[in-house]
A.B. asks: 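First the structure, which I've put down as structure tokens, then a few questions once you've had a look.
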Amino acid sequence: MVKVIKIPKTIDFTHDSYTWHLIKSTEFSRLRCMGASFLDADDLDFLRQVFERFTCLTDEVNDRFFVQEGEPISDEMMEKAAHDLSRLMMEYY
């Protein structure tokens, strides 16, 4: 089994939702705009904890962004998820 980040197509983007607070965070903005290499370890740890909510285990990997079960989420996985989440938000509004 491998761990992937799956952003659901139906996600709560209301202004008081958990997702909205994530998108408005400085850490998320830096990840999306500059990439993980520009964030310090504390910011990356925060984002890993947040994106962990969106992970699932699967046998099928249709994506090149995955880690083995039990491993921490990679920076590349978080960068892709940030772009996917931003794209969904743009479709929502």
Side-chain angles (χ1 to χ4, degrees):
M1 301 280 291
V2 294
K3 182 167 47 174
V4 297
I5 297 176
K6 292 227 186 230
I7 306 294
K9 298 290 185 208
T10 56
I11 196 165
D12 184 9
F13 284 112
T14 57
H15 292 282
D16 61 344
S17 72
Y18 179 82
T19 307
W20 180 257
H21 291 292
L22 165 63
I23 290 171
K24 295 313 241 175
S25 72
T26 304
E27 297 88 352
F28 182 84
S29 296
R30 279 193 247 148
L31 176 66
R32 188 174 43 88
C33 296
M34 297 185 296
S37 60
F38 289 91
L39 278 80
D40 63 25
D42 289 339
D43 291 344
L44 289 171
D45 286 343
F46 165 76
L47 289 166
R48 270 193 191 85
Q49 290 173 6
V50 170
F51 280 116
E52 191 67 38
R53 293 179 130 205
F54 297 108
T55 61
C56 64
L57 296 175
T58 183
D59 287 328
E60 297 178 25
V61 179
N62 300 328
D63 195 330
R64 62 187 175 108
F65 298 102
F66 65 91
V67 293
Q68 294 299 319
E69 182 178 358
E71 291 184 18
I73 299 168
S74 69
D75 294 350
E76 294 83 15
M77 288 173 66
M78 290 190 297
E79 288 175 1
K80 181 182 179 312
H83 287 287
D84 292 348
L85 194 54
S86 296
R87 187 174 44 251
L88 272 177
M89 184 188 71
M90 295 304 233
E91 291 173 8
Y92 181 82
Y93 287 101

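Positions are given from 1 along the sequence.
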A.B. asks: Quick one: do Glu27 and Arg48 satisfy salt bridge (Lys or Arg N to Asp or Glu O under 4.0 Å)? Show the steps, please.
C.D. replies: CA-CA 11 Å; Glu27 297 88 352; Arg48 270 193 191 85; over 6 Å; no
A.B. asks: Are side-chain heavy atoms of Pro8 and Phe54 found at a separation under 4.5 Å?
C.D. replies: yes
A.B. asks: Return the CG to CD distance between Leu57 and Glu69, rounded to the nearest 0.5 Å.
C.D. replies: 4.5 Å
A.B. asks: State yes or no: do Leu88 and Met90 share one hydrophobic cluster built from I, L, V, M, F, W and Y residues joined by side-chain heavy-atom distances below 4.5 Å, directly or via other members?
C.D. replies: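 Yes.
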A.B. asks: Are Asp84 and Arg32 within salt-bridge range, i.e. N to O under 4.0 Å?
C.D. replies: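 No, Asp84 and Arg32 are not salt-bridged.
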A.B. asks: Just how far is it from atom CD1 of Ile7 to atom OG of Ser86, taken to the nearest 0.5 Å?
C.D. replies: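 Here the interatomic distance stands at 9.5 Å.
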A.B. asks: I'd like to check Asp59 versus Met1 (side-chain heavy atoms, cut-off strictly below 4.5 Å). Are they in contact?
C.D. replies: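 A side-chain contact under 4.5 Å exists here.
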A.B. asks: Mind checking whether Met89 and Leu47 sit in one hydrophobic cluster, side chains of I, L, V, M, F, W, Y counted as touching below 4.5 Å?
C.D. replies: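 Yes, one cluster joins them.
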A.B. asks: Are the side chains of Leu85 and Phe28 in touch, meaning some heavy atoms are under 4.5 Å apart?
C.D. replies: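 SC-SC contact between Leu85 and Phe28 confirmed.
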A.B. asks: If you look at every heavy atom in Val67 and Met77, which pair is closest and at what distance?
C.D. replies: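 Closest approach of Val67 to Met77, heavy atoms only: CG1-SD, 3.6 Å.
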A.B. asks: I'd like to know if the side chain of Lys3 reaches the main chain of Glu71, judged simply by a donor and an acceptor atom lying under 3.5 Å from each other, with no hydrogens or angles considered.
C.D. replies: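 Side chain of Lys3 to backbone of Glu71: a pair is present.
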A.B. asks: To the nearest 0.5 angstrom, please state how far the CD atom of Glu91 sits from the CZ atom of Arg87.
C.D. replies: 7.0 Å
A.B. asks: Could you tell me the separation between the OG atom of Ser37 and the CD atom of Glu79, rounded to the nearest 0.5 Å?
C.D. replies: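 Going from OG on Ser37 over to CD on Glu79, the span is 7.0 Å.
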A.B. asks: When rounded to the nearest 0.5 angstrom, what distance separates CG in Asp45 from CG in Leu39?
C.D. replies: 11.0 Å
A.B. asks: With rounding to the nearest 0.5 angstrom, report the OG1 to CZ distance, Thr55 to Arg53.
C.D. replies: 11.0 Å
A.B. asks: Go through the steps for Phe46 and Val50 under the test side-chain contact (heavy atoms from CB on, under 4.5 Å), then give the verdict.
C.D. replies: CA-CA 6 Å; Phe46 165 76; Val50 170; 3.7 Å; yes
